[in-house]
Amino acid sequence: MKNRLKVLRAERDWSQQDLANALGVSRQSVNAIETGRYDPSLPLAFRIADVFGLAIEDIFQREA
Amino acid sequence: MTGAAGGRHQHRSPYLWVVLYFVAIGAIGGLKLTDAINGPTGFILLALATGLLIPIARQRTATCSSKAMIDYNRRVLFSSFGYALGLGIAVTLWNNYELSRPAVFAISLLPTLPTFGVIWAMARYLAEEQDEYLRHRTIMAALVALGIVLALGIFWGFLEMFELVPHVWAWWVLPVWAIGLAVTQLWQKVRGA
């Protein structure tokens with residue numbers, strides 16, 4: 001699964017730690033999701049969408 | 001001045017304490033094998049050497065990402081102390097007294113119960129960890145470690161049955177599992193998983 005976390009973070013000038021704090025998870029989690037090594041659960045994906053004020057499908061996309 | 005000293009102490013690499021711990025264990029084993037020390041002295045030194053795990057646990061706590069991991073480290077450290085102490089008492093009693101079967105059963109529990117504490121600590125960690133990625137990573141490492149224990153255990157069992165290798169006591173499953181867990185977590189760290 002692809003995601004736009006890095007781009008969305010950069011647009012807001014957030015570090016991985018900033019996003020991790022906003023989500024209530026570890027920085028390792030943000031890094032693993034961002035680099036595609038870990039796909040978040042649906043509840044966490046919803047939290048990520050809420051933090052960015054976007055729909056889940058605007059952040060996560062299927063691999064082409 | 002105290003703060004500066006504390007700062008230097010905090011910045012010591014955790015690997016230093018790990019190396020010191022293994023050097024101490026090796027030295028105690030060497031002294032015991034060469035009969036330079038007796039059994040009880042060896043176990044007292046072993047229990048004292050477990051104290052070297054405190055700075056490791058403290059440093060891990062300082063860099064821990066979750067409260068569940070801090071609690072896990074504390075519980076494992078506590079269990080490790082109990083294990084070293086229980087093992088020392090049990091072996092000393094076994095070597096020095098003619099014990100009845102119920103008494104032998106009872107002293108066998110002394111090192112066993114703290115190892116149950118390690119298993120309980122892992123179970124509590126998995127139940128309490130709120131970070132799903134950290135939980136996932138630990139579960140994967142634990143499963144790999146379990147696979148290593150099963151594979152080695154089965155292979156060793158057949159080698160032993162065909163009298164190619166000596167007998168190994170079954171309690172080795174936990175140390176082997178713990179080593180497998182540590183190696184897998186190190187591997188996860190190296191490859192950035």
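Within every chain, numbering begins at 1; the chains are lettered A, B, ... in the order of the sequence lines, protein sequences first and strands thereafter. The structure presented is a predicted model; accordingly, all values stated were derived computationally and were not measured.
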Item to check | Atom CG of D13(A): over 12 foreign heavy atoms under 6.0 Å | outcome: no

Item to check | Path from I154(B) to W177(B) over hydrophobic side-chain contacts below 4.5 Å | outcome: no

Checklist outcome for this item: Rounded to the nearest 0.5 Å, the OG atom of S29(A) sits from the CZ atom of R137(B) at a distance of 8.0 Å

Item to check | Under 4.5 Å from a heavy atom of chain B, the part of P40(A) involved | outcome: both

Item to check | W172(B) atom CH2, neighbour heavy-atom count above 12 within 6.0 Å | outcome: no

Checklist entry - Do other residues, nucleotides or ligands put more than 12 heavy atoms under 6.0 Å from the CZ atom of F81(B)? => result yes

Item to check | Exceeds 12 heavy-atom contacts within 6.0 angstrom, atom CD of E163(B) | outcome: no

Next on the checklist: With a 3.5 Å distance limit and no angle check, can you tell me whether E132(B) reaches the backbone of L44(A) through a side-chain donor-acceptor pair?
Outcome noted: no

Item to check | Residue pair Q28(A) / Y133(B): nearest heavy atoms and the distance that separates them | outcome: O-CE2, 3.6 Å

Checklist outcome for this item: One should read off an interatomic distance between E129(B) CD and S26(A) OG, to the nearest 0.5 angstrom, of 7.5 Å

